[in-house]
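To keep things clear, I will list the structure first and then write my remarks on it.
Hydrogens, waters and symmetry mates play no part in the numbers below; they use all other heavy atoms, side chains included. Each ligand, and each atom within it, is numbered from 1 in the order the structure gives.
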Amino acid sequence: MKEIREAIVSGVEAAELAAMPLPDSYRAAFVRREDAGMFEGMESSEKDPRKSLKVEEVPIPELADDEALVAVMASSINFNTVWTSIFEPLPTFAFLDRLGRENRLGARHALDYHIVGSDGSGVILRTGNGVRKWKPGDRVAIHCNYVDDQDPTAHDDSMKALNQRIWGFETNFGGLADLAVVKANQLMPKPSHLSWEESAVNALTASTSYRMLVSDNAAAMRQGDVVLIWGATGGLGGYAVQLVLNGGGIPIGVVSSPEKAELLHKMGCEAVIDRKAENYQFWSDPHTQDESEWRRFGKKIRELVGEDPQIVFEHPGRQTMGASVFVCARGGTVVTCAATSGYMIEYDNRHLWMKLKRIVSSHFANYHEAWSMNHLIDRGAIQPILSAVYPLADVGQAAREVQLNQHEGKLGVLCLAPEEGLGIDDPDKRSHIGEDRIRMFRERS
Ligand code: NAP
C-alpha cells in the first residue's frame with residue numbers, strides 16, 4: 001500500500017497505477033461480530049465507539065464485474081458509523097447476512113467483521129469487466145447509494161428500489177479504509193479544486209440535504225420559502241443552509257451554542273436561534289410535550305422572519321418533531337430523514353390536518369441527485385463543511401465526538417493521504433472561489 005500511496009501522491013500515469021501489484025491485505029476500520037453484545041444494558045451515550053472500532057489488516061475481496069477498487073485517500077465520519085459502532089438500533093451484521101444470501105458475490109459481504117464508512121475520495125486502481133465509464137487512475141468521490149441495476153424497482157427513483165442499501169452501513173468494504181470496493185454507479189468526479197479530505201466529506205450528507213430540500217422527490221423548495229433548519233451547522237444542516245441561500249430561500253438556523261450561531265451568521269444565515277440559550281423544553285417529562293413551549297418557539301420564528309416556515313428540515317426526531325409540526329406554516333412541509341433523539345415520534349395530529357401540512361420522508365439520494373449535488377460542489381456553489389481531520393487510526397475518537405455532538409460540520413479522516421491539503425488539481429479555480437469560503441468551518445478548529 002505504501003508504494004500505491006507514493007505513486008498517487010507523486011502523480012504517476014494511470015497506466016502505471018493500473019499495472020501496480022495489489023497487496024494481499026489492507027488497513028480498514030471495522031466492528032467485529034463477536035463484539036455485538038459488548039454494550040448490552042448500557043445507556044446509549046456510554047456505548048463508546050473507541051472500544052468497538054478496530055483498525056487492522058483485512059484481505060482484499062474479489063471484484064465483481066460492475067465494481068471498482070478504489071485507493072481511498074480520505075473518508076469521513078457519518079452518524080451511521082456511530083450507529084454501527086454502538087450496535088444500535090441493531091447490529092449491522094443482519095444487513096450483511098441478508099446481502100450474503102443474494103448470490104455468490106453477495107456472500108463476500110457476510111463476514112465476521114464489518115468495514116464501515118459511507119464516504120470517500122480517492123483513485124481507481126482496478127475496474128471490473130463490465131465497467132465502462134471509469135478507468136484506473138480516475139480521481140473520484142464516492143456516494144453511498146448501493147443499488148442493483150437488474151432490479152426493476154430501481155429504475156424510477158433508485159432510492160425506492162426494494163433492495164436499496166447504504167454502502168458501508170448495509171454493505172461491507174466501506175470507505176474508512178485504505179481500499180474500498182464500490183459499484184461503478186457510486187462514482188462521481190472528484191471536485192478538482194478540493195483536497196482529498198475536502199472532497200471526502202460531502203457526498204453523504206450534502207446529497208441527503210439536496211434531496212430533502214431541492215428535489216421534487218421531497219420538499220422541492222421555491223424562491224422565498226422560509227426554511228427552519230435543525231442542527232444548522234451539523235453534517236446535514238451545514239449543507240442545507242447553503243442550499244437554501246443559493247435557492248433564494250430564507251433559512252432559520254437552529255443551533256446550540258454562541259459559536260455555532262456566529263458561524264451561521266458568517267455563512268450568511270441571518271435568522272438564528274440558539275436552542276440552548278432559549279432553553280426550550282418541548283417535553284415537560286419523558287411522556288408529555290408542552291404546547292406552550294412550541295408556541296414560544298413559533299413566536300421566536302415569527303419575530304425573526306415575520307412568518308411561519310414553509311419547510312421544516314427535520315432530523316433530531318422525537319425531541320423536536322412535535323414542535324416542527326406545530327411551527328410549520330399552513331400548507332407547509334416537514335421533511336424528515338432521521339430521528340437522532342428517538343424514532344418513536346409524537347405530534348399533535350390536529351395541527352397537521354387542520355392546517356393541511358404534510359410530513360414527507362426522505363432518505364439519502366439517487367445517483368442523479370448525488371451527481372447534481374457533486375456538480376454544485378465542483379462549481380464552487382456549495383462549500384465543504386470540513387471542520388477537523390483525523391488519521392484513520394483515530395477513527396474511534398472521531399466517531400465518539402460525532403456521537404456526543406462535540407463537532408461542527410463534518411469530520412474528515414485521512415486514509416492513504418499522508419497529510420492534509422493534497423489532491424488539489426485546479427489551484428486557480430480554488431483561488432477564484434476563495435480559501436476563506438472553502439475553509440470556513442476548518443479555520444475555526
Ligand atoms: P450531526 O453532524 O451530528 O448534526 C446533527 C445536528 O443536530 C447537531 O449538530 C445538533 O445541532 C442537532 N441536534 C442533535 N440532537 C438534537 C436535539 N435533540 N434537538 C435539536 N437538535 C439536535 O449529524 P448529521 O450528519 O447532520 O445527521 C443527523 C441525523 O441524520 C443522524 O441521525 C443521521 O444518522 C441522520 N442522517 C440520515 C440520512 C439519510 O439518508 N436518511 C443521511 C444523513 C444523516 P445543535 O446541537 O447545534 O442544535
Side-chain angles (χ1 to χ4, degrees), residues 44-45 76-86 88-89 92 118-119 143-146 159 164-170 201-212 215 217-218 228-241 252-264 269 272-283 293 297 312-324 335-343 345 360-366 369-370 373 385-388 398-412 441:
S44 283
S45 60
S76 91
I77 304 293
N78 282 292
F79 225 95
N80 65 6
T81 289
V82 175
W83 297 128
T84 300
S85 63
I86 64 173
E88 276 195 23
T92 43
S118 301
D119 266 324
H143 77 74
C144 63
N145 184 15
Y146 182 98
M159 285 309 298
Q164 187 277 331
R165 295 180 164 92
I166 297 294
W167 163 69
F169 179 62
E170 293 163 294
V201 297
N202 307 302
L204 190 146
T205 54
S207 312
T208 303
S209 298
Y210 181 92
R211 181 177 172 110
M212 287 174 80
S215 170
N217 286 317
L228 178 75
I229 301 167
W230 289 105
T233 60
L236 290 170
Y239 294 106
V241 168
I252 309 165
V254 186
V255 285
S256 62
S257 72
E259 293 76 24
K260 290 180 177 180
E262 186 202 322
L263 179 57
L264 277 181
C269 178
V272 175
I273 299 177
D274 180 340
R275 66 184 173 96
K276 279 256 166 69
E278 299 283 343
N279 193 25
Y280 294 114
Q281 302 290 332
F282 299 136
W283 290 81
E293 284 293 274
F297 183 53
V312 180
F313 185 87
E314 236 305 324
H315 50 88
R318 184 170 173 81
Q319 286 293 324
T320 55
M321 192 63 160
S324 292
V335 57
T336 176
C337 76
T340 317
S341 65
Y343 49 80
I345 300 294
V360 173
S361 62
S362 193
H363 184 40
F364 185 60
N366 62 34
E369 290 158 343
M373 188 62 188
I385 57 170
L386 174 72
S387 66
R400 181 70 174 159
E401 286 177 24
V402 171
Q403 177 191 22
L404 298 181
N405 193 17
Q406 291 169 343
H407 67 302
E408 285 168 357
K410 295 289 304 174
L411 301 187
F441 277 61

- Item | atom 46 (O) of ligand 1 [closest protein heavy-atom partner, distance rounded to 0.1 Å] | S256 OG, 2.6 Å
- Note on the structure: So CG of L204 and CG of L236: to nearest 0.5 Å the spacing works out to 8.0 Å
- Is P316 touching ligand 1 with its side chain, its backbone, both, or neither, if touching means heavy atoms under 4.0 Å apart? side chain
- Heavy-atom proximity to atom 3 (O) of ligand 1, picking from H407, R211, E401, points to H407
- Message: Which heavy atom of Y239 sits nearest to which heavy atom of N202, and what is that distance?
- Response: OH-OD1, 2.5 Å
- Looking only at non-hydrogen atoms, find the nearest pair between W83 and F169 and report the distance. CB-CE1, 4.3 Å
- Message: Show the nearest heavy-atom pair for residues M373 and S207, with the distance to one decimal.
- Response: CG-N, 4.0 Å
- Short N or O distance, W83 and ligand 1, threshold 3.5 Å exclusive: yes
- Note on the structure: Among non-hydrogen protein atoms, atom 35 (C) of ligand 1 lies closest to A338 CB, 3.2 Å
- Message: Checking the N or O distance criterion of under 3.5 Å, is ligand 1 in contact with N405?
- Response: yes
- Note on the structure: Of all protein heavy atoms, the one nearest atom 44 (C) of ligand 1 is L236 CD1, 3.8 Å
- Message: Is it the case that the side chains of S118 and N80 hold a donor-acceptor pair, with the cut-off being a distance below 3.5 Å and no angle test?
- Response: yes
- Task: Could you say whether the N/O atoms of H363 and ligand 1 ever approach to under 3.5 Å?
- Result: yes
- Non-hydrogen atom of T320 closer than 4.0 Å to ligand 1: yes
- Message: Checking the side chain of E314 only, and the main-chain atoms of G317 only, is there a donor and an acceptor separated by less than 3.5 Å?
- Response: yes
- Item | From E259, R275, K260 - option closest to atom 15 (N) of ligand 1 by heavy atom | R275
- Item | Protein residue, atom and distance nearest to atom 4 (O) of ligand 1, heavy-atom basis | G234 CA, 3.5 Å
- Query: For C269 and V241, which heavy atoms make the closest approach, and how far apart are they?
  - Reply: CB-CG1, 4.0 Å
- Message: Check this for me - ligand 1, W230, N or O atoms closer than 3.5 angstrom, yes or no?
- Response: no
- Query: atom 25 (O) of ligand 1: which protein heavy atom is closest, and how many Å away?
  - Reply: T205 CG2, 3.6 Å
- Heavy-atom distances under 4.0 Å are what count here, so tell me which part of Q319 touches ligand 1: side chain, backbone, both or neither. side chain
- Query: How many angstroms lie between CE in M321 and OG1 in T336, if you round to the nearest 0.5 Å?
  - Reply: 5.0 Å
- Message: With respect to F364, determine whether any N or O atom, backbone or side chain, lies less than 3.5 Å from an N or O atom of ligand 1.
- Response: yes
- Shortest non-hydrogen contact from I86 to Q403? CG2-NE2, 3.7 Å
- Logged contact type for C337 with ligand 1, heavy-atom cut-off 4.0 Å, is both
- Task: Could you check H363, Q164, E369, R165 and say which one makes a side-chain hydrogen bond (donor to acceptor under 3.5 Å, both in side chains) with N145?
- Result: Q164
- Shortest non-hydrogen separation from I77 to A398 and the atoms involved: CG1-CB, 3.7 Å
- Looking only at protein heavy atoms, which one is nearest to atom 6 (C) of ligand 1, and how far off is it? G231 CA, 3.6 Å
- Please write down residue, atom name and distance for the protein heavy atom closest to atom 23 (O) of ligand 1. F79 CD1, 3.8 Å
- Message: With respect to T233, determine whether any N or O atom, backbone or side chain, lies less than 3.5 Å from an N or O atom of ligand 1.
- Response: no
- Would you say ligand 1 has an N or O under 3.5 Å from any N or O of L204? no
- Tell me: protein heavy atom nearest atom 7 (O) of ligand 1, and distance? H315 CE1, 3.4 Å
- Task: Indicate yes or no for a side-chain donor-acceptor contact from S387 to the backbone of E408 under 3.5 Å, with no hydrogens or angles considered.
- Result: yes
- Item | Interatomic spacing from OG1 in T205 to CZ in F364 - rounded to 0.5 Å | 9.0 Å
